[in-house]
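For clarity, every value in this text was computed on a predicted model and none was experimentally measured.
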Amino acid sequence: MGDRTMLKGDQAVAAGVRSTQPDVVSAYPITPQTGIVETLSEMHADGELDGEFLKVDSEFNAASSCIGASAAGARVFSATCSQGLKLMSEPLFTAAGMRLPVVMAVANRSLSAPISIWNDHTDAFAERDGGMIQFFAKDVQEAVDTVFVAYRVAEDPTISLPALVNLDGFILTHVKEPVDVPDEAAVSSYLPDREPFATLDPSDPTTMGGVGRPEHWTEARYAVQEAMLRSREVIAEATEAFGDQFGRKYGLEYDGMLETVGPVDADLALVCLGSLAGTVEHVIADHPADVKLVRPRVIRPFPAEQLRQALAGVEAVSVMQKENSPGYQGSLASELKSALYGSDTQPAVRSYVLGLAGRDVSHDDIEAVIEETGEAAEDGHPRRFLAEERWPQLKGDLLDMEVTQA
Amino acid sequence: MSSPPEPDAVLSYDDDLFTPGHRACAGCAPALAMRHLTEATGENTIISMATGCMEVISSPFPESSWGVSWIHDVFANAPGVASGIEAAYRAFDRKASEEFTDHDDVNFVVVAGDGATFDIGIRSLSGMMDRGHDVLYVCYDNEAYMNTGIQRSSATPLGASTSTSPPGKESLGDDTSKKDMPAIAAAHGCSYVASASIGYPQDFKQKIERGLEHDGPKYVQVQAPCMLGWEFDPAEAVTVAQLAVETGLQPLFEVVDGELVDVMRIRDRKPVREYLECQGRFDHLFETGEGEEVIEQLQEFVDERADELDLDA
């Protein structure tokens with residue numbers, strides 16, 4: 001076991017990656033992920049990483065080289081965010097279709113335009129349909145621990161999919177927290193060597209990534225869907241095994257898929273991802289209204305069943321999300337509604353877009369959301385999925401031009 | 001009367017590493033290039049292939065023409081994928097895993113068409129060469145995007161008609177000259193750069209073999225005519241390729257460590273016109289005075305380069 005030390009989030013993630021001893025690390029620097037790739041570079045320069053470190057020309061080729069190395073049978077790692085994740089997107093989708101495990105840290109950041117280096121979840125949700133398992137960490141310790149869980153799930157021969165470990169840019173990458181980073185020996189007993197289904201071995205020639213015609217393509221996509229759904233069990237098992245070995249337990253009563261904080265029988269619930277949950281916990285800890293936090297740790301596979309369990313009996317739910325799908329609403333809110341369709345309890349569901357591109361979400365912001373959630377609960381009409389989305393942090397005075405306001 | 005001796009009843013393809021039965025057109029020179037390439041590399045080879053006609057015709061699941069380990073990912077990233085494969089084998093070697101083949105014994109090869117090389121994949125290729133990966137890059141050059149309906153690439157020669165550079169009232173076909181990719185590869189510091197032609201298969205195979213003897217990145221570009229896109233009789237593929245060499249449009253050379261070390265000299269270099277006449281894609285050049293000017297431009301370009309390369313025997 002490692003020692004508990006003060007580490008910046010990016011350094012802690014890099015230290016966690018070192019404990020997994022990947023064969024190939026391939027990454028391109030991008031703020032706020034930079035610290036991860038810089039720290040790994042230093043580790044490689046100091047001989048602490050046995051594997052190859054590729055200083056690639058772009059995120060596009062970071063993903064591409066990880067795919068090549070994974071196809072050769074290697075354990076691979078990369079890190080990115082925002083525009084870099086978009087640049088990886090084309091090869092990353094194939095990593096899923098070709099069933100190649102690639103584990104990556106994503107230091108979540110907004111997508112242009114306007115350009116912004118600050119945190120939100122637009123980048124992660126832009127990759128939502130690619131067949132990548134997506135974890136969200138609440139704090140630095142969870143980000144480190146999730147790297148190990150992600151490898152165990154992604155490299156499981158029955159799953160074999162890429163996995164993204166999302167952590168909030170700056171909020172987690174650039175904060176120092178006391179962290180316990182398990183050492184290589186501890187990790188090697190948790191994380192077995194990769195045993196790939198097939199590799200690019202010249203002594204046993206294989207054709208990978210051939211043309212799929214209409215007679216076969218559906219089945220390839222279905223296999224990804226099945227593996228993704230099946231990964232829920234592997235995530236549960238891997239999270240439990242991690243808790244057993246390292247003592248840190250993440251939402252085991254919900255199969256590791258989500259965590260709740262607050263009264264079990266609360267009337268109101270807030271749903272959010274990542275570090276925002278830490279702030280929400282503070283607010284609800286001494287809040288007069290009975291409200292609980294429901295925090296998905298994984299958005300793909302989607303924790304639909306666990307959300308139904310966690311929200312059973314709740315009268316009103318507010319989804320606080322750092323993303324929006326223009327033309328509809330925040331994706332997390334619409335996916336939550338989809339999960340609740342036909343379930344026994346039908347709480348009012350409110351959708352809030354806030355915290356975009358680094359705008360702070362304050363205690364007052366959260367208090368206001370709780371108040372409105374309470375009003376929705378008292379409104380009297382059950383079975384309402386409120387279509388109207390709220391952007392409580394919007395500054396109307398900045399919307400005075402024709403292109404921003406009709 | 002004695003009966004004539006029995007001919008060999010069946011041609012055997014058992015040892016082929018690029019096997020027949022693929023979906024290439026009759027008279028496909030790029031498919032010939034794939035066969036000669038694999039003959040030269042042998043079976044201890046891993047190919048990373050870009051999207052393109054040779055990928056499409058050779059890999060439709062559940063069939064495959066490839067007898068060597070082969071991967072295709074996307075259009076633009078075959079060198080990036082090969083970089084990862086080569087790096088993985090280096091890591092396996094370092095970790096001294098017994099079950100893996102020694103890195104030095106494996107030929108890491110990229111195969112990509114001109115579109116994947118000259119255009120969309122050039123960043124990936126540049127990065128691979130810059131990092132010094134021990135990979136042989138083979139560009140089969142048929143001078144346009146052939147599997148999607150013959151659209152121009154930056155390997156398309158001046159004046160050629162394609163579906164995105166058609167001749168018209170204001171157009172004489174493609175209005176740019178072919179990008180000089182071998183020079184770009186050489187400028188990256190590739191230890192071995194060569195141009196080849198499917199009209200000279202032994203020369204092509206030798207260049208593959210010689211390239212593989214060098215460490216680090218190496219680049220071989222083989223011109224492989226496309227009967228569909230260039231519009232010639234399928235039986236003439238090799239002849240057309242030879243004409244490109246004989247007219248000086250496709251000079252065959254080798255550059256080792258940045259030095260031009262070998263040029264195939266041409267005796268009685270034929271006029272460019274003779275090469276253009278045998279292909280439908282240049283027909284329109286012979287119909288107008290402006291077209292004649294393009295032909296003269298091409299001839300001047302070839303003459304100048306022949307001087308530079310000391311091409312004439």
**Q** Side chain, backbone, both or neither: which part of Val56(A) has a non-hydrogen atom closer than 4.5 Å to chain B?
**A** both
**Q** Does Asp129(A), at its CG atom, have more than 12 non-hydrogen atoms belonging to other residues, nucleotides or ligands within less than 6.0 Å?
**A** yes
**Q** Heavy-atom distance under 4.5 Å to chain A: side chain of Arg123(B), backbone, both or neither?
**A** both
**Q** Looking only at heavy atoms and a cut-off of under 4.5 Å, which of Pro60(B), Ser69(B), Gly67(B) has the most pairs with chain A?
**A** Ser69(B)
**Q** Any idea how Phe92(B) and Tyr89(B) line up, ring-wise: parallel (<30°), tilted (30 to 60°), or perpendicular (>60°)?
**A** perpendicular
**Q** Check the orientation of His216(A) and Phe61(B). Use parallel for under 30°, tilted for 30 to 60°, and perpendicular for over 60°.
**A** perpendicular
**Q** Is it the side chain or the backbone of Thr207(A) that comes within 4.5 Å of chain B heavy atoms, both, or neither?
**A** both
**Q** Under a 4.5 Å heavy-atom cut-off, does chain A meet the side chain of Ala82(B), its backbone, both or neither?
**A** neither
**Q** Can you classify the ring geometry of Tyr219(B) versus Tyr137(B) as parallel (below 30°), tilted (30 to 60°) or perpendicular (above 60°)?
**A** parallel
**Q** If we define contacts as heavy-atom pairs under 4.5 Å, which of Ser58(A), Ala71(A), Cys66(A) has the most with chain B?
**A** Ser58(A)
**Q** Phe197(A) ring centre to Arg99(A) NZ or CZ under 6.0 Å, with the angle to the axis within 45°?
**A** no
**Q** Should the pair Glu143(B)-Arg152(B) be classified as a salt bridge under the 4.0 Å nitrogen-to-oxygen rule?
**A** no
**Q** With no hydrogens and no angle check, just 3.5 Å: does a side-chain donor-acceptor pair link Ser160(A) and Glu155(A)?
**A** no
**Q** Under 4.5 Å from any heavy atom of chain A, what part of Glu55(B) do you find: side chain, backbone, both or neither?
**A** both
**Q** With chain A as the partner, which of Ser65(B), Ala88(B), Pro79(B) has the greatest number of non-hydrogen pairs under 4.5 Å?
**A** Ala88(B)
**Q** Could you check which of Pro62(B), Ser48(B), Ser58(B) has the highest count of heavy-atom pairs closer than 4.5 Å to chain A?
**A** Pro62(B)
**Q** For chain A, find which of Ala91(B), Gly127(B), Ser126(B) contributes the most heavy-atom pairs closer than 4.5 angstrom.
**A** Ala91(B)
